[in-house]
Amino acid sequence: MNSRISRAAVAFVATAGATLGVTVANPSPAAAAMTICYNTSQATSFASIANQAATIWNNATTNLTLSPNCGSNLRIYQITGGGSYAVRTSLGNGRVYIDTQQAQQYSPLRIMTHEIGHILGLPDNYNGNCAILMSGGSAGTSCTNPYPSTTEANRVSNLFAGTRSAERTSGDTGGAVFRDSWPAAPATVG
Ligand SMILES: [Zn+2]
């Protein structure tokens, strides 16, 4: 009888040890996520679209969290004319400018998620494929897809793997300006 109790105790300890081992081997991904505070105080009519774009990126990626009202890693501006573009000062930091005139031709949400994609480390990829977010305006004004492809989202997750602050500047994800993503659409006739 004592022997059976002893075996049960050993089994319990072994199980607890295994559980502890898993916990230590896999720290919570949330603990390593980099917070990118975005500021929409000058985004005017595009503020709610910026929030939608942040949710899209947060749902599609790991290792980073776009969060409003906590700082200004990313400032979002509404402009009129000149074209939408992004200025990345370093990975996860910079400014996004959304042109109200382009937003009448192209999907405002697609423009917003695309330009934020530059801040998150992605280059343009003008292949005309609407399933690719970074194809931008090359997919035409009828393309309203605001979601990054799995490949694009995974690339962002990998770029942010291990980051814990907004200070990282390395590799090809440093400062850069991204313009001309959204060419003027030809005038429609009739
Ligand atoms: Zn672009």
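The structure presented is a predicted model; accordingly, all values stated were derived computationally and were not measured. Remember, it's 1-based here, ligands and their atoms both numbered in the order they're listed.
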Student: Just verifying a value: how many Å separate Ser157 OG and Trp57 CH2, rounded to the nearest 0.5 Å?
Tutor: 9.0 Å
Student: Could you tell me the angle subtended at the Zn ion (ligand 1) by NE2 of His118 and OG of Ser181, rounded to 10°?
Tutor: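 The NE2/OG angle about the Zn ion (ligand 1) sits at 140°.
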Student: Using atom types as modelled and distance alone, determine if a side-chain donor or acceptor of Ser72 lies under 3.5 Å from a backbone N or O of Asn39.
Tutor: no
Student: Are any side-chain N or O atoms of Asp99 and backbone N or O atoms of Gly81, one a donor and one an acceptor, separated by less than 3.5 Å?
Tutor: yes
Student: Is the distance from the Zn ion (ligand 1) to the nearest N/O/S atom of Glu115 under 2.8 Å?
Tutor: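 No - counting backbone and side chain alike, Glu115 has no N, O or S atom under 2.8 Å.
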Student: Applying the 4.5 Å side-chain criterion to the ILVMFWY set and letting contacts propagate, would Val96 and Leu109 be lumped into a single cluster?
Tutor: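 Hydrophobic grouping puts Val96 with Leu109.
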Student: Can you tell me, to 10 degrees, how wide the angle at the Zn ion (ligand 1) is between NE2 on His114 and OD1 on Asp124?
Tutor: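 His114 NE2 and Asp124 OD1 form an angle of 90° at the Zn ion (ligand 1).
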